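Okay, so here's the structure we're looking at.
The figures here come from the full heavy-atom set of this structure, side chains too, leaving out hydrogens, waters and symmetry mates. Model, not experiment: these values are computed from the prediction. Indexing begins at 1, ligand by ligand and atom by atom, following the structure's order. The residues of the chain are indexed from 1 along the displayed sequence.
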Amino acid sequence: MNHVPHVLVVAGSDSSGGAGIVRDIETLAAFGVKASVAITAVTVQTHKGVEHIDAVPPDRVAQQMRAALSANPIAAIKIGMLATAETIAAVATVLADNPGIPVVLDPVLVSTSGRTLLAPAATAALRDLFTACTLITPNLPELSVLAASMVATSPGSVGDQARSLLRVGAKAVLVKGGHAGGVEAIDLLFQPDQIDRSFASPRLAAAMRGTGCMLASAIAARLAFGDPLAAAIAQAKAFVHGKFRET
Ligand code: PLP
């Protein structure tokens, strides 16, 4: 008998270990969750930049997901870098065949160093994936691309952009405030027909890579244990804040 939940991570590798699947697995381990993986892209990276990207063939991504789902009782799925529209379509097919599993989508578009991690033409395909996901976790620049708007500079425009994602099928949008200013890093949760919620932690001066991967994986880990969404987000946010304090 195995009572430890499994999370399936669908994401890219980062040779530096600063982001991607290494961060995901570290995070899941910290939450006492087992990881299964479907690698979407192999990237050659240092902490300064992305030198090369090999996208894994879309069919192979889907095969990895199906194998992981048949090998283990997957209690949540975390999706990170998807690289191409074709991979998004392959992932969508597997998700459609496996309804009922919570899915956290970190819409990875561009690295902090400026390298494109999702083909710009694939943005529309990514929006089509929203209906299959429990939660989308964009930062402010990602939100603006997904909402086809300028980067939001006021709480009102953040809300407008997030609600535009709800209108195209997102079930919940957590906008990460890491790219904003202020003494607190405030993440905002938007859901249809529900009061908006905020999750704040003191903003620390430290810089750390892979925070988006960590937050989404931590949320997936807590969802795998059966936490309600807001409780999972609160725990995940506290975890990432703790990692900042360690840097
Ligand atoms: N590489 C991979 C495989 C990623 O998934 C991500 C982000 O999710 C990045 C690089 C970018 O990370 P950062 O912006 O922290 O450098």
Side-chain angles (χ1 to χ4, degrees), residues 7-30 35-58 60-61 64-65 77-85 87-88 90-91 103-120 122-123 125-126 129 133 135-146 151 173-180 185 187 203-221 236-237 239-241 243-244 246-247:
V7 171
L8 169 56
V9 179
V10 183
S13 71
D14 166 358
S15 45
S16 73
I21 214 141
V22 169
R23 279 294 202 202
D24 295 321
I25 294 171
E26 284 174 355
T27 303
L28 296 176
S36 306
V37 298
I39 305 233
T40 56
V42 175
T43 77
V44 181
Q45 293 195 47
T46 64
H47 292 306
K48 293 212 167 66
V50 183
E51 291 165 13
H52 194 80
I53 299 174
D54 280 329
V56 171
R60 200 70 73 227
V61 175
Q64 292 177 76
M65 290 179 72
I77 299 174
K78 184 260 158 158
I79 301 176
M81 177 179 176
L82 287 168
T84 67
T87 299
I88 294 172
V91 168
V103 178
V104 181
L105 172 66
D106 180 19
V108 176
L109 303 181
V110 179
S111 71
T112 307
S113 58
R115 179 75 179 244
T116 298
L117 299 176
L118 179 74
T123 308
L126 194 62
L129 197 60
C133 300
L135 176 69
I136 325 284
T137 62
N139 57 32
L140 289 173
E142 289 161 349
L143 177 68
S144 74
V145 172
L146 293 169
V151 175
V173 179
L174 181 71
V175 182
K176 297 174 289 193
H179 288 71
D187 297 350
R203 185 181 296 281
L204 299 174
M208 185 169 57
R209 297 192 50 230
T211 51
C213 305
M214 291 166 59
L215 185 77
S217 287
I219 296 169
K237 179 119 174 124
F239 173 80
V240 175
H241 180 66
K243 288 287 162 193
F244 265 111
E246 284 172 19
T247 59

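- Residue F239 comes nearest to A30 through the heavy atom pair CE1-CB, 3.6 Å, listed as atom of the first residue, atom of the second, then distance.
- Under a 3.5 Å cut-off, the side chain of T123 and the backbone N or O of L146 do not form any donor-acceptor pair.
- The protein heavy-atom contact nearest to atom 15 (O) of ligand 1 is G210 N, 2.9 Å.
- Of all protein heavy atoms, the one closest to atom 16 (O) of ligand 1 is R209 NE, 2.9 Å.
- Checked by distance only, ligand 1 and D14 stay at 3.5 Å or farther apart across all their nitrogen or oxygen atoms.
- Listed by number with element, the atoms of ligand 1 under 4.0 Å from a non-hydrogen atom of M81 are 3 (C), 5 (O).
- Here E51 pairs with nothing under the salt bridge (charged side-chain N to carboxylate O under 4.0 Å, His left out) rule; sequence neighbours left out.
- Of all atoms in ligand 1, listed by their number and element, those nearer than 4.0 Å to a heavy atom of S111 are 11 (C), 14 (O).
- Residue-level proximity to ligand 1 for V108 is carried by the side chain, the only part with a heavy atom below 4.0 angstrom.
- For atom 2 (C) of ligand 1, the nearest non-hydrogen atom of the protein is Q45 NE2, 3.7 Å.
- You'll find the side chain of K176 reaches within 4.5 Å of the side chain of D106, heavy atoms only.
- When only non-hydrogen protein atoms are considered, atom 5 (O) of ligand 1 lies nearest to G20 CA, 3.6 Å.
- Closest of all the heavy-atom pairs between A221 and L28 is CB-CD2, 3.9 Å.
- In terms of heavy-atom proximity, A220 sits nearest to K78 at CB-CB, 4.0 Å.
- Nearest approach of V91 to M65, heavy atoms of both residues: CG2-SD, 3.9 Å.
- Proximity of V10 to L82: side-chain heavy atoms (C-beta onward) are separated by under 4.5 Å at one or more points.
- Backbone and side-chain nitrogen or oxygen atoms of D106 are examined, and none is located within less than 3.5 angstrom of a nitrogen or oxygen of ligand 1.
- Under 4.0 Å from ligand 1, the heavy atoms of L117 that appear belong solely to its side chain.
- Among all heavy-atom pairs drawn from G177 and D187, the shortest one is N-OD1, 2.9 Å.
- Between S13 and ligand 1, no pair of N/O atoms sits closer than 3.5 Å.
- Residues R209 and T112 are not in side-chain contact: their nearest non-hydrogen atoms beyond the backbone lie 4.5 Å or more apart.
- Among all non-hydrogen protein atoms, the one lying nearest atom 14 (O) of ligand 1 is T112 OG1, 2.5 Å.
- Ligand 1 has at least one atom lying under 4.0 Å from a heavy atom of C213.
- Every atom of ligand 1 with a heavy atom of G12 under 4.0 Å away is listed here by number and element: 3 (C).
- The protein heavy-atom contact nearest to atom 12 (O) of ligand 1 is A19 CB, 3.4 Å.
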